[in-house]
Structure formats: C-alpha cells, structure tokens
Q: 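One structure coming up, written as structure tokens, with questions to follow.
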Protein chains: 4
Amino acid sequence: MKIEFDEKIPIYLQIMKAIKQEIATANLKAGDKLPSVREMAEILKVNPNTVQRAYQELEREQITYTQRGMGTFITNDVQKLKSLKKEMAMELVTSFVNEIKNLGFNMDEIIEIVKESLEREVK
Amino acid sequence: MKIEFDEKIPIYLQIMKAIKQEIATANLKAGDKLPSVREMAEILKVNPNTVQRAYQELEREQITYTQRGMGTFITNDVQKLKSLKKEMAMELVTSFVNEIKNLGFNMDEIIEIVKESLEREVK
Amino acid sequence: MKIEFDEKIPIYLQIMKAIKQEIATANLKAGDKLPSVREMAEILKVNPNTVQRAYQELEREQITYTQRGMGTFITNDVQKLKSLKKEMAMELVTSFVNEIKNLGFNMDEIIEIVKESLEREVK
Amino acid sequence: MKIEFDEKIPIYLQIMKAIKQEIATANLKAGDKLPSVREMAEILKVNPNTVQRAYQELEREQITYTQRGMGTFITNDVQKLKSLKKEMAMELVTSFVNEIKNLGFNMDEIIEIVKESLEREVK
DNA sequence: GTGGTCTAGACCACT
DNA sequence: GTGGTCTAGACCACC
C-alpha cells in the first residue's frame with residue numbers, strides 16, 4: 001500500500017480512506033490482518049502514532065477490531081463491508097451531483113461532462 | 001446568501017466557494033458589488049475577520065478587486081468569469097471520477113449510478 | 001478542578017469523568033466554556049495532548065462542542081445534560097447491583113450493607 | 001464457567017474475578033481443585049498464557065496454591081475465604097457510594113435508586 | 001489565543 | 001511483537 005499524501009488533509013484520514021478503498025476493491029477481506037501499527041508506519045514513512053490514530057478511528061466505525069497483543073483485523077461482519085462500498089459510492093455521487101448542480105448545470109449537461117471525462121481517461 | 005457551514009472546513013473557504021457559485025450561476029455578474037465585510041459578516045453570522053480573509057483570497061485569485069473606500073467588486077474580466085465555471089466543473093468531475101474509480105467501479109457503472117442519483121433527485 | 005489520578009486508568013478517561021461529574025452536579029452548565037486545552041493541562045499538571053484527547057472524546061459523545069479559535073463549550077442541549085446524570089447514575093447502580101449479586105447477596109442484604117456504608121460515612 | 005469478556009479489561013483480571021465470585025458464592029470451596037491451565041484455556045477459549053497469569057496472581061494473593069504435578073487448589077485457609085467475600089463486597093460498596101455521591105446524590109436518594117433498581121430486576 | 005495534527009521517543013500490559 | 005497511553009515539543013490554520 002502506497003499513499004500520495006495530500007498536504008491539506010490530515011494524514012490519519014487519508015490512511016483511513018486508503019484502507020477503506022482496499023476493502024471496497026476487495027484487496028482486504030473480512031478477517032484479514034492489517035499490518036501492525038509499527039509496520040504500517042514503516043511502510044508509509046509516517047509516525048506510528050498517526051497510524052494508531054487511523055486504526056483507532058476505523059475501529060470506532062466498526063470497520064476493524066483489535067485483539068489484544070494480536071493485532072488489528074478487518075471486521076468479520078460481511079454485511080458491514082458490503083454496505084461500506086455502497087455508502088462510499090453514494091456519498092461521492094450525491095456530493096458531486098449537489099456541487100455540480102450548484103454551478104448551474106442541468107442533468108443532461110452533467111451526464112455529458114462525466115462521459116467526456118471518462119473518455120479522456122481512456123486515451 | 002445563506003450558507004450551511006460545515007464545521008470541519010475553514011469557514012472562509014466555504015464563503016469563497018459560495019461566492020464562486022453565485023458567479024457560476026450568474027447571480028453575481030461582472031462588476032457587481034459585494035456586500036461590505038461588515039454587512040456580509042452580519043448576514044452570515046460570522047466574524048468580520050473571516051469574511052475579510054475570504055475577500056482577500058478571492059482578490060488574490062483575481063476574481064474580485066477592491067476600490068478604496070468603495071468596496072469589493074466582481075472582476076470585469078468576463079473571460080475570467082466564464083473560465084471560472086468551467087474550471088470548477090472540471091475539478092469536480094475529475095476528482096469525482098478518480099475517487100469513484102478507486103472504489104473499483106468501471107465506466108459503465110459510473111454512468112449508471114450518476115443517472116440513478118439524478119433520477120432520485122427529480123422525484 | 002482537581003483530580004486524584006488513579007495510575008491504573010487512562011488519564012484522559014479520568015478527565016472525561018471529572019468533567020461529566022461537574023456537569024452532573026451543575027458546576028458546569030449548558031454553554032459554559034471549558035478551560036482551554038493548555039490551561040487545563042496546566043491546572044491538571046498533564047500534557048496538553050492528554051487534555052486534547054479527553055475533549056475530543058467528549059465532543060464525540062456530544063457533551064461538548066468546539067468553536068474554531070474560540071474554545072470548547074458544554075453543549076446547549078439541556079436534555080442531553082439531564083439524561084447524562086441519569087445515565088451515569090443508572091450505569092453505576094446497575095453494574096453495582098449486578099456485581100454484588102454475583103457475590104451471592106440477596107436484596108435485603110444489599111440494602112443493609114449500603115445503609116451501613118452510608119452511616120459510616122456520616123461519622 | 002463462562003465469561004462474557006469485556007475487551008477493555010485485561011482478560012486475566014476477568015478470570016481472577018470470576019473465580020473469586022465462584023468462591024464467594026461457594027461454588028468453589030476450600031481445597032477444591034481448579035481445572036488445569038490447559039483445560040481452563042480450552043473452556044474459556046483463551047490463550048493458556050492468560051490463564052497461567054490469572055492463576056499466578058491468585059496464588060500471589062494466597063487464594064490458591066499449587067502442588068507440583070497435581071494442579072492448582074483453593075486455599076484451605078477458610079478464614080481467608082470468608083474474608084474474601086466480605087472484602088469484595090466492601091470494595092464494591094464503598095467505591096459505588098463514593099462515585100454516586102460525586103454525582104450529587106444524597107443518602108436518601110441513593111437508597112431510593114438502589115431499591116428501584118432491585119425491584120426492576122425482580123420483574 | 002484557540003483547537004488540530006504530527007513527530008519522536010518512551011513505557012506498559014497483554015498474548 | 002502487539003496495541004494503548006503519555007510526554008515533550010513543534011507547526012499550522014482559524015478567530
């Protein structure tokens with residue numbers, strides 16, 4: 001796992017997001033062990049406390065759980081994991097749609113520019 | 001102008017964004033006068049320093065200019081204003097497309113969920 | 001505010017508890033400002049980060065809210081504050097009753113020893 | 001013996017407590033043999049090291065003793081066992097009374113809510 | 001001045 | 001080796 005850190009956003013949030021993406025794309029699955037706090041800190045060239053913070057918040061969101069002295073693991077609640085992907089997508093889409101509407105685009109125009117953008121990526 | 005402030009994002013950024021949206025939707029046009037710092041602060045129930053900061057940044061981006069003793073005005077550079085809308089849209093779209101791809105969706109799925117989301121809004 | 005720290009329990013939890021007690025006893029009321037992180041750290045002879053952690057958790061429990069650059073305040077949700085005292089009392093009582101029952105005491109005996117204990121305190 | 005483990009409290013402490021409760025309720029009596037470390041670990045679905053630690057601490061408190069090759073036994077010091085129950089009860093009561101007072105309840109109120117709680121349990 | 005984040009380094013308890 | 005907590009000290013953005 002590599003992350004291009006955006007200076008403007010707290011690192012621990014970016015770590016959380018990266019892990020959630022790994023889950024959404026099924027690179028991380030139910031029950032999988034995350035790298036230890038220290039390992040992950042090493043990998044990301046970041047202070048262990050920062051990783052600790054990210055793991056802590058993930059646990060609070062019940063995306064992970066920790067076993068004392070054993071490590072941190074992805075939750076076994078498969079339902080939770082499924083809905084996670086859906087939720088993340090929904091949040092992205094609705095906030096995008098809202099914002100773009102605020103700029104005064106109508107439905108057809110929105111579809112249009114999304115398509116354009118996608119085609120550009122292909123090239 | 002009313003803003004639902006998101007506590008997690010700097011208020012001055014949210015003010016800037018709102019003003020840019022007003023421009024994009026042509027509610028604010030070239031040469032229009034913005035409310036004075038104090039008025040705006042009053043309207044938004046916000047510290048005048050915060051409005052000041054927003055205006056300052058807008059000027060740095062050459063979206064507004066100030067005339068001593070007269071107030072702050074939208075730039076007369078119509079070209080600038082047109083490209084503003086385009087830029088904002090492009091930024092929204094590309095970042096959205098990137099993020100949603102990171103969740104493992106492919107092009108067709110993306111178009112699909114955007115359409116779904118738009119239809120839901122209509123109802 | 002002074003706290004006799006119990007070495008065995010995380011300091012930030014003890015700070016949270018102390019603040020909750022201040023609320024329960026109405027020493028802190030809705031809207032009151034808490035000492036700044038640094039002030040409180042000074043008062044309690046504790047690292048600011050530790051106070052920060054306590055304040056953060058209190059905010060997550062919606063017992064406080066923060067205003068950027070202004071400080072940390074007790075929530076204005078009076079209902080929340082009322083229920084807080086009740087909840088804390090309930091939790092104490094039920095866990096106490098459960099534990100003491102586990103030791104094999106019956107209802108009359110429990111009442112008895114509580115009374116004894118209270119009388120002893122009086123002297 | 002089954003234990004609902006609270007993740008936040010050291011498991012060995014919870015095991016110790018459970019055993020003490022068995023003693024207090026006379027399910028375990030002077031001279032009784034405890035399950036072997038391995039058996040207990042099997043029963044509780046716990047690491048043997050953890051059980052080992054619990055047994056060790058109980059011995060340090062002179063609540064149990066071990067006989068080489070024979071196993072771990074409840075002490076024969078009946079006096080010790082009797083006082084154990086009393087001590088545990090006292091500790092529970094005094095800490096409960098202190099805490100509830102800190103919430104601003106007076107003696108009558110305390111008796112009142114304990115009674116309420118007990119009646120609720122009966123139903 | 002205010003809270004928020006981060007690093008560096010340390011100690012502890014649990015497995 | 002694992003996570004959890006704490007200190008010390010620093011920098012930043014916001015009001």
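The chains referred to below are lettered A, B, ... by the order of the sequence lines, with proteins before strands, and numbering in each begins at 1.
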Q: Are any non-hydrogen side-chain atoms of Lys17(A) and Glu99(B) less than 4.5 angstrom apart?
A: yes

Q: dA13(F), dG3(F), dT7(E): which one has an atom nearest the side-chain heavy atoms of Pro10(B)?
A: dA13(F)

Q: Would one find a side-chain N or O of Arg53(B) under 4.0 angstrom from OP1 or OP2 of dC14(F)?
A: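 For dC14(F), OP1 or OP2 has a side-chain N or O of Arg53(B) closer than 4.0 Å.
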
Q: Do Arg38(A) and Glu42(A) meet the salt-bridge criterion of a basic N to acidic O distance under 4.0 Å?
A: no

Q: For Gln14(C) and Asn47(B), take the nucleotide of DNA chain F holding the closest heavy atom to each; which residue's nucleotide lies nearer the 5' end?
A: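 Per heavy-atom nearest nucleotide, the more 5' residue is Gln14(C).
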
Q: Can you tell if the side chain of Val46(C) reaches within under 4.5 Å of the side chain of Phe5(C), non-hydrogen atoms only?
A: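 Side-chain contact under 4.5 Å: yes.
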
Q: Round to the nearest Å and state the distance from Lys45(B) atom NZ to dC15(F) atom P.
A: 17 Å

Q: Rounded off to whole Å, could you give me the CE-to-P distance for the Met16(B) and dA13(F) pair?
A: 14 Å

Q: Ignoring backbone atoms, test whether Tyr12(A) places a side-chain nitrogen or oxygen under 4.0 Å from the OP1 or OP2 oxygen of dC6(E).
A: no

Q: Between Leu81(A) and Thr75(A), is there a side-chain heavy-atom distance shorter than 4.5 Å?
A: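 Answer yes - side chains close enough.
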
Q: Check the interface with nucleotides 10-12 of chain F: list each N/O to N/O pair with the protein under 3.5 Å, or write none.
A:
none

Q: With a 4.5 Å cut-off on side-chain heavy atoms, are Asp77(B) and Gln62(B) touching?
A: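 No, every pair of side-chain atoms sits at 4.5 Å or beyond.
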
Q: Between Lys20(B) and Glu87(B), does any NZ, NE, NH1 or NH2 come within less than 4.0 Å of an OD or OE carboxylate oxygen?
A: no

Q: For dG3(E) and Gln52(C) - does any side-chain N or O of the residue sit under 4.0 Å from the phosphate oxygens OP1/OP2?
A: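 False: Gln52(C) side-chain N/O out of range (4.0 Å or more) of dG3(E) OP1/OP2.
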
Q: Under a 3.5 Å cutoff on both atom distances, Watson-Crick or G-U, what's the dot-bracket for DNA chain F ([ ] crossing, | other strand)?
A: ||||||||||||||.

Q: Is any side-chain N or O of Thr50(C) closer than 4.0 Å to OP1 or OP2 of dC6(F)?
A: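 It does not, given that no N or O in the side chain of Thr50(C) lies less than 4.0 Å from OP1 or OP2 of dC6(F).
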
Q: Taking the side chain as everything from C-beta on, heavy atoms only, tell me whether Tyr55(A) gets closer than 4.5 Å to Met40(A).
A: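 Yes, side chains in contact.
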
Q: On DNA chain F, check which nucleotide each of Lys33(A) and Ile11(C) is closest to and give me the residue with the more 5' one.
A: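 Closest to the 5' end, via its nearest nucleotide, is Lys33(A).
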
Q: Below 4.5 Å, heavy atoms only, C-beta onward: do Leu103(B) and Leu92(A) meet side chain to side chain?
A: yes

Q: Return the residues of residues 56-73 of chain C meeting this criterion: a heavy atom under 4.0 Å from some atom of DNA chain F. Order them by number, or give none.
A: Arg68(C), Gly69(C), Met70(C)

Q: Of Ile74(A), Asn76(A), Leu58(A), Thr72(A), which meets side chain to side chain contact (heavy atoms under 4.5 Å, CB included) against Tyr65(A)?
A: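 Of the listed residues Ile74(A), Asn76(A), Leu58(A), Thr72(A), the side chain to side chain contact (heavy atoms under 4.5 Å, CB included) partner of Tyr65(A) is Asn76(A).
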
Q: Distance check needed: dC6(E) C1' versus Leu44(A) CG, whole Å only.
A: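 Whole-Å distance recorded here is 14 Å.
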
